[in-house]
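Single-structure report; data block below.
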Amino acid sequence: MNKLCPDLVAAVADIPDGATVMIGGFGGSGAPVELLHALIDRFRATGHPARLTIVNNNAGNGGIGIAAMIRAGMVAKVICSFPRSSNAEAFNEKYLAGEIELELVPQGTLAERIRAAGAGIPAFYTPTSYGTELAEGKPAEEFDGRMYVRERWLKADFALIKGQQGDTVGNLTYRMAARNFNPLMAMAADRTIAQVSRLGEPGCIDPQQVITPGIFVDTIVEVPEPQQEEVLVRMGVVY
Amino acid sequence: MNKLCPDLVAAVADIPDGATVMIGGFGGSGAPVELLHALIDRFRATGHPARLTIVNNNAGNGGIGIAAMIRAGMVAKVICSFPRSSNAEAFNEKYLAGEIELELVPQGTLAERIRAAGAGIPAFYTPTSYGTELAEGKPAEEFDGRMYVRERWLKADFALIKGQQGDTVGNLTYRMAARNFNPLMAMAADRTIAQVSRLGEPGCIDPQQVITPGIFVDTIVEVPEPQQEEVLVRMGVVY
Amino acid sequence: MSGFNIMEDKLSNAQIAWRAAQDIGDGSYVNLGIGFPEMIARFQPEGRNVTYHTENGVLGFGKAPAEGDEDWDLINAGKKAITLKPGASFFHHADSFAMVRGGHLDLAVLGAYQVAQNGDLANWRVGSKSVPAVGGAMDLVHGAKRVAVVTDHVTRDGAPKLVESCTFPLTGLGCVTRVYSSLAVVDIVDGKFVLREKLPQIPMDALQAVTGARLHSEGQVGDLIVPADI
Amino acid sequence: MSGFNIMEDKLSNAQIAWRAAQDIGDGSYVNLGIGFPEMIARFQPEGRNVTYHTENGVLGFGKAPAEGDEDWDLINAGKKAITLKPGASFFHHADSFAMVRGGHLDLAVLGAYQVAQNGDLANWRVGSKSVPAVGGAMDLVHGAKRVAVVTDHVTRDGAPKLVESCTFPLTGLGCVTRVYSSLAVVDIVDGKFVLREKLPQIPMDALQAVTGARLHSEGQVGDLIVPADI
């Protein structure tokens with residue numbers, strides 16, 4: 001019941017080759033940089049986990065985080081809405097060389113597919129992408145005189161997320177717009193691993209202010225002064 | 001932009017005959033008792049609004065709130081999951097006399113249909129009720145080897161909800177388990193009318209602690225010491 | 001019949017609840033249905049940490065407050081007053097049923113009118129005369145990883161509640177995995193009732209006689225032994 | 001052609017943004033697309049209260065902070081640093097797109113590669129060579145109550161951006177209701193471009209010549225007049 005994990009190495013030790021891994025964050029806000037770097041360390045030391053499918057809004061930026069995972073060669077596929085960014089060379093090079101697969105999903109559909117997975121909804125209808133190439137091959141149907149596309153849930157084996165305040169039973173809060181995809185991914189993965197800036201005992205978060213209830217979190221590791229992806233990218237850091 | 005309404009009478013003045021009205025609350029927690037009683041006052045004085053369709057988890061309890069609306073004769077139909085309660089005579093009598101229509105919806109499906117309406121999702125699949133009489137007439141489909149029922153969104157003309165702290169742009173928090181259906185209904189109605197126990201200026205709620213963002217609220221009225229439905233029922237109050 | 005009287009010698013509801021509580025593992029997330037199933041929380045074995053979920057948006061609640069200390073904004077799905085344990089959280093109804101439907105609960109325990117050997121459950125409506133009410137039962141039976149039933153083995157009239165197929169309106173198809181009855185513990189495996197434990201005093205043929213479908217056994221049938229002082 | 005040079009005499013992006021800003025009513029909830037549309041917020045007329053939404057989960061944000069004051073956990077969908085106004089709120093991505101898809105925004109303003117006379121919009125991808133990226137555009141065009149486009153009237157090569165039908169990959173079908181271009185304000189009504197305003201200097205035939213589909217008019221065509229000092 002105590003979900004506390006002593007260190008980053010142990011937190012990511014169970015992710016196998018070929019896993020689908022959701023990674024929280026939008027741009028540089030809410031990205032679990034330390035968890036990702038621990039995963040890269042493991043890959044460099046052992047060659048595992050390889051051939052990962054990554055789910056994130058973006059496809060990495062600069063030389064750290066997801067971009068560093070891609071460059072390290074551990075990512076086979078990216079499911080995202082917006083692979084473009086200010087420094088997206090890591091993804092771009094692999095993509096244009098045909099070395100990485102891309103599943104492009106409209107941002108709201110991506111969010112809703114992840115939420116649907118967490119909520120036990122295998123499929124839903126959305127007006128988004130109807131009539132566009134991103135709807136090709138998907139069932140379409142009319143409701144109340146308007147056309148909609150049917151989308152499937154999107155599940156993952158693991159979610160790596162970043163919270164602000166956490167407790168040992170897995171309750172989480174998020175800092176400002178760093179919330180983004182994190183609470184949704186926590187619901188949609190078989191195992192959710194959260195890094196938090198502050199860890200406390202149960203009761204340290206007002207029950208009315210919990211954003212992610214602990215039932216959605218399996219492993220929690222404290223990273224007291226987390227790095228901010230945007231800051232690292234601007235400093236030109238390469239991991 | 002200032003959504004503040006000076007009094008309860010004005011807050012409910014626009015609800016017309018035949019409207020579908022979502023009413024927040026579960027059991028006695030989170031029920032906007034004062035808004036409902038203002039609506040009853042209006043009906044008694046003017047005969048309007050009549051023939052309402054009410055959406056709530058329950059179908060009224062005791063002699064106040066929804067039960068009093070039913071007894072007053074202003075309700076034509078109830079959409080709910082659990083019309084039974086400790087003192088459900090108001091609904092039971094009308095129902096068994098064939099004077100009120102009931103649409104029974106499983107509780108999770110009710111919540112999801114309301115959320116879907118707020119989120120622009122016209123239909124979704126759920127395993128709930130598959131193979132039961134509540135799924136009769138609904139499309140069913142197999143996903144990943146399991147059967148699901150297709151459910152439609154549930155919209156309303158008005159939502160009457162109860163918050164704890166509110167501000168003049170419509171942001172809301174809720175008190176403990178009084179949250180229940182209130183945030184969902186706020187999203188799903190054309191017009192959402194909220195009573196709050198405390199009203200403040202914008203900024204009085206930490207942006208990270210807002211549960212219902214103001215975009216979902218149209219009218220807000222302060223009721224500083226709201227009555228608690230459960231307490232009124234236990235006191236045997238009849239409105 | 002070795003003098004066993006199923007109306008007198010059967011387990012009480014409290015004893016059934018005790019037995020069900022023994023199977024709830026440390027660290028589990030559990031939803032207990034309104035009424036009889038709620039009683040299970042009282043018998044949670046010491047040293048096990050169990051987190052209780054209630055449909056109306058509370059995770060991590062504890063016992064009922066003392067009379068007079070109730071806060072009616074802090075209730076469970078049965079509209080009874082509850083208290084919070086440290087680490088509790090509140091959420092709205094859609095998030096609450098995301099927990100249910102999304103398979104995040106380890107166990108849901110419900111009552112039953114009838115359970116069929118294929119796992120079908122009927123527990124929401126007996127006839128068509130009264131006011132129907134379904135609540136969250138239909139969601140719970142398709143959401144939790146395990147769905148157990150606590151029930152008397154027979155109705156007040158002595159009719160079997162474990163049946164070949166349900167005659168009452170269904171709550172869910174093929175959803176129940178284990179039944180804790182007043183006489184036995186029965187699993188549902190591949191469309192069959194598999195007897196795991198029975199009261200030692202009741203002969204096998206007497207148990208079969210009050211069960212509406214064939215009871216199978218796989219290896220040893222254990223003794224259903226419950227502390228007498230419950 | 002009365003000496004009108006569409007490359008020199010056209011409105012600047014800032015002037016187009018100013019014109020678009022005039023139509024945003026008091027009390028509106030608005031999403032401004034990344035890049036050029038974001039500029040509209042600068043020209044919000046005094047006395048009007050407009051609440052801005054950004055896809056990554058912020059409602060009620062204000063201007064960019066001074067350089068050096070950025071907090072990179074407080075950004076907009078374009079990953080630019082923002083500040084909060086009193087009454088702001090944070091929410092997760094599913095709730096954010098519930099606002100979008102659920103029809104809660106009064107207006108979304110986007111850029112365009114092409115807009116067709118039936119309201120089709122192409123704004124996410126030009127060819128198949130580069131890395132495709134769609135973001136929230138496909139959600140926004142089907143969610144907001146009104147979808148407006150701000151754009152140059154023609155491409156850098158002088159090709160019309162208001163066209164009979166889009167040749168680039170579509171973002172959404174029949175979704176645009178108004179176009180603010182560098183030469184005109186054009187509504188889309190029943191599958192037709194209806195000219196509402198044009199720069200007074202540009203002759204009607206010159207405007208039609210750089211428009212890829214027939215410009216209709218209903219009554220008076222207004223003068224598109226923008227302060228010169230913008």
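FYI, side chains are in, hydrogens and waters are out, and symmetry mates aren't considered; it's all heavy atoms of this structure. Convention: sequence-line order gives letters A, B, ...; per-chain numbering from 1.
- Taking chain C as the reference chain and counting heavy-atom pairs below 4.5 Å, the highest number among B/V231, B/T132, B/L96, B/V105 is found for B/T132.
- Judged purely by atom type and a 3.5 angstrom limit, C/E55 has no side-chain atom pairing as donor or acceptor with the backbone of B/Q107.
- For chain C, the option among B/N182, B/L110, B/T109, B/L134 with the highest count of heavy-atom pairs below 4.5 Å is B/L134.
- Counted by atom type alone, C/Q44 and C/Y52 present one or more donor-acceptor pairs between their side chains at under 3.5 Å.
- Counting heavy atoms of neighbouring residues, nucleotides and ligands inside a 6.0 Å radius, atom CD of B/E142 exceeds 12 of them.
- In terms of heavy-atom pairs under 4.5 angstrom with chain B, the leader among C/G136, C/A94, C/G135 is C/G135.
- Two residues are said to be in side-chain contact when any heavy atoms from C-beta on lie closer than 4.5 Å; B/R179 and B/I211 meet this criterion.
- For residues 54-78 of chain B, heavy-atom neighbours of chain C at less than 4.5 Å comprise B/N57, B/N58, sorted by residue number.
- Of the atoms belonging to B/Y174, not a single heavy atom falls under 4.5 Å from chain C.
- Rounded to the nearest 0.5 Å, atoms CZ (B/F91) and OG (B/S85) are 10.5 Å apart.
- Listed options C/V58, C/T171, C/I75, C/L84 were ranked by heavy-atom pairs under 4.5 angstrom with chain B; first place goes to C/I75.
- For a residue to count as touching a neighbouring chain, one of its non-hydrogen atoms must lie under 4.5 Å from one of that chain's; by this rule B/P183 touches chain C with the side chain only.
- Counting heavy-atom pairs closer than 4.5 Å to chain B, the top residue among C/C175, C/A77, C/G57 is C/A77.
- Below 4.5 Å, heavy atoms of chain C meet heavy atoms from B/A111, B/E112, B/R115, all part of residues 111-119 of chain B.
- The heavy-atom pair separating C/D120 from C/L173 by the smallest distance is OD1-CA, 3.2 Å.
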Report the C-alpha distance between B/E34 and B/Q195 in whole Å, list the side-chain angles of each, state the deciding distance to 0.1 Å, and finish with yes or no for side chain to side chain donor-acceptor pair (under 3.5 Å). CA-CA 8 Å; B/E34 284 75 8; B/Q195 66 169 74; 3.0 Å; yes
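- Both the backbone and the side chain of C/F90 come within contact range of chain B, with heavy atoms under 4.5 Å apart.
- Looking at B/L102, only its side chain comes within 4.5 Å of chain C, counting heavy atoms on both sides.
- Applying the salt bridge (Lys or Arg N to Asp or Glu O under 4.0 Å) test to residues at least two apart or on different chains, the pairs with a partner in residues 35-54 of chain C are C/E38-C/K80.
- Ranked by heavy-atom pairs shorter than 4.5 Å toward chain C, the options B/P127, B/A135, B/G131 are led by B/P127.
- Contact annotation for C/A122: neither backbone nor side-chain heavy atoms come within less than 4.5 Å of a heavy atom of chain B.
- Residues of residues 139-168 of chain C that come within less than 4.5 angstrom of chain B, heavy atom to heavy atom, are C/D139, C/H142 in numerical order.
- Smallest separation of non-hydrogen atoms from C/A81 and C/E70: CB-CG, 3.4 Å.
- Residue B/I205 comes nearest to B/T173 through the heavy atom pair CG2-CG2, 3.7 Å, listed as atom of the first residue, atom of the second, then distance.
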Using the salt bridge (charged side-chain N to carboxylate O under 4.0 Å, His left out) rule, take B/E151 and B/K138 through it: C-alpha gap first, then chi angles, then the decisive distance, then the call. CA-CA 7 Å; B/E151 296 280 356; B/K138 292 175 185 166; 3.1 Å; yes
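- Between C/H93 and B/F26, a ring centre-to-centre spacing shorter than 6.0 Å is recorded.
- Between B/R150 and B/E141, no side-chain nitrogen of the basic residue sits less than 4.0 Å from a carboxylate oxygen of the acidic one, so the salt-bridge criterion is not met.
- Taking 4.5 Å as the limit, every side-chain heavy atom of C/D187 sits out of range of all side-chain heavy atoms of C/F193.
- The six-membered or imidazole ring of B/Y148 lies away from that of B/Y130, with a centre-to-centre distance of 6.0 Å or more.
- C/H53 and C/Y29 have their aromatic ring centers separated by at least 6.0 angstrom.
- Side-chain N/O atoms of C/D23 and C/Y180 include a donor and acceptor closer than 3.5 Å.
- Neither the backbone nor the side chain of B/S86 comes within less than 4.5 Å of any heavy atom in chain C.
- When every heavy atom of B/S197 is checked against every heavy atom of B/E222, the shortest pair comes out as O-OE2, 4.0 Å.
- Listed here is the closest heavy atom pair of B/N180 and B/S29: ND2-O, 3.0 Å.
- Of the listed residues (C/P132, C/G172, C/G174), the greatest number of heavy-atom pairs within a distance under 4.5 Å of chain B belongs to C/P132.
- In terms of non-hydrogen atom pairs under 4.5 Å with chain B, the most contact-rich of C/N76, C/D71, C/T54, C/V100 is C/D71.
- With B/Q165 as the partner, the side-chain hydrogen bond (donor to acceptor under 3.5 Å, both in side chains) test is satisfied by one option alone out of B/Q209, B/R175, B/R198: B/R198.
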